[in-house]
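Atoms considered below: every heavy atom in the structure, side chains included; atoms not considered: hydrogens, waters and symmetry mates.
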Amino acid sequence: MTATYVIDGAGITGLDSFWRAIGEAVNGPGGYFGSNLDALADCLSGGMGTPDDGDFVIEWRDHQQARRVLGHEETVRQLELRLRRAHPSNRAAIEHELDRARAGQGPTVFDLLVMVFEERAPGALHLR
């Protein structure tokens with residue numbers, strides 16, 4: 001039987017609230033599901049709340065609200081945080097991404113999340 005998990009996009013106010021929302025959708029109140037793209041990819045592969053056989057769907061309701069708040073403004077914020085902790089050899093690439101995000105270009109946080117879903121759990125994400 002296919003497991004269905006629901007994310008309420010109306011409650012998403014930034015990336016941190018997305019991590020909480022997906023953690024609770026999959027693992028119940030207070031549930032944890034990782035807090036970075038690598039952890040999300042691992043969790044979508046099964047065994048961390050999602051079924052090992054991959055028989056699940058994630059219904060992301062009010063995804064347009066989440067798309068707005070996880071847009072370029074949040075992308076800039078996240079890249080600024082990443083830049084502060086970046087190794088000097090990575091700074092130029094992050095600064096380039098940051099310049100593009102400030103100009104409203106390039107993938108947003110929302111886009112990156114959706115890409116991880118599509119790569120690790122093809123067909124599992126249902127945007128509503």
J.: Provide the closest heavy-atom pair for S35 versus A39 in the form atom of the first, atom of the second, distance.
T.: N-CB, 4.0 Å
J.: Of all the heavy-atom pairs spanning Q65 and A10, show the shortest one and how long it is.
T.: CG-CA, 3.8 Å
J.: Under 4.5 Å side-chain heavy-atom separation, chaining through any Ile, Leu, Val, Met, Phe, Trp or Tyr, what else clusters with M48? Say none if it is isolated.
T.: none
J.: Can you list everything that forms a side chain to side chain donor-acceptor pair (under 3.5 Å) with E74? Sequence neighbours excluded, please.
T.: R77, Q78
J.: In terms of hydrophobic clusters joined by side-chain contacts under 4.5 Å, are L15 and Y32 together?
T.: no
J.: Which residues, ordered by chain and number, are linked to I94 in its hydrophobic cluster, where ILVMFWY side chains connect at heavy-atom gaps below 4.5 Å, directly or through other members?
T.: V76, L79, L83, L98
J.: Roughly how far, to the nearest 0.5 Å, is CG of D62 from CD1 of I12?
T.: 10.0 Å
J.: Could you tell me which residues satisfy side chain to side chain contact (heavy atoms under 4.5 Å, CB included) with S89, sequence neighbours excluded, listed by chain and number?
T.: H87
J.: Do NZ/NE/NH1/NH2 and the carboxylate oxygens of E80 and R82 come within less than 4.0 Å?
T.: no
J.: Verify whether one side chain among H126 and R128 offers a donor that lies under 3.5 Å from an acceptor in the other.
T.: yes
J.: Can you tell me how far CG of L112 sits from CZ of F110, rounded to the nearest 0.5 angstrom?
T.: 11.0 Å
J.: Is there a side-chain contact between I22 and I58 (heavy atoms, below 4.5 Å)?
T.: yes
J.: Could I get the full list of ring pair (Phe, Tyr, Trp, His ring centres under 6.0 Å) partners for F18, not counting sequence neighbours?
T.: W60
J.: Which value, rounded to the nearest 0.5 Å, describes the distance between W19 atom CH2 and L113 atom CG?
T.: 5.0 Å
J.: Which heavy-atom pair separates H72 from G104 by the least distance, and what is that distance?
T.: CE1-O, 3.2 Å
J.: Report yes or no: does R100 contribute a side-chain atom to a donor-acceptor pair with the main-chain N or O of H96 at less than 3.5 Å?
T.: no
J.: Regarding T108 and D111, do their side chains bring together a donor and an acceptor under 3.5 Å, going by distance alone?
T.: yes
J.: Roughly how far, to the nearest 0.5 Å, is OG1 of T50 from CZ of R120?
T.: 11.0 Å
J.: Kindly write out the residues that satisfy side chain to side chain donor-acceptor pair (under 3.5 Å) with N27, not counting sequence neighbours, or none if the list is empty.
T.: none
J.: Should L44 and F33 count as side-chain neighbours, where that means a heavy-atom distance under 4.5 Å?
T.: yes
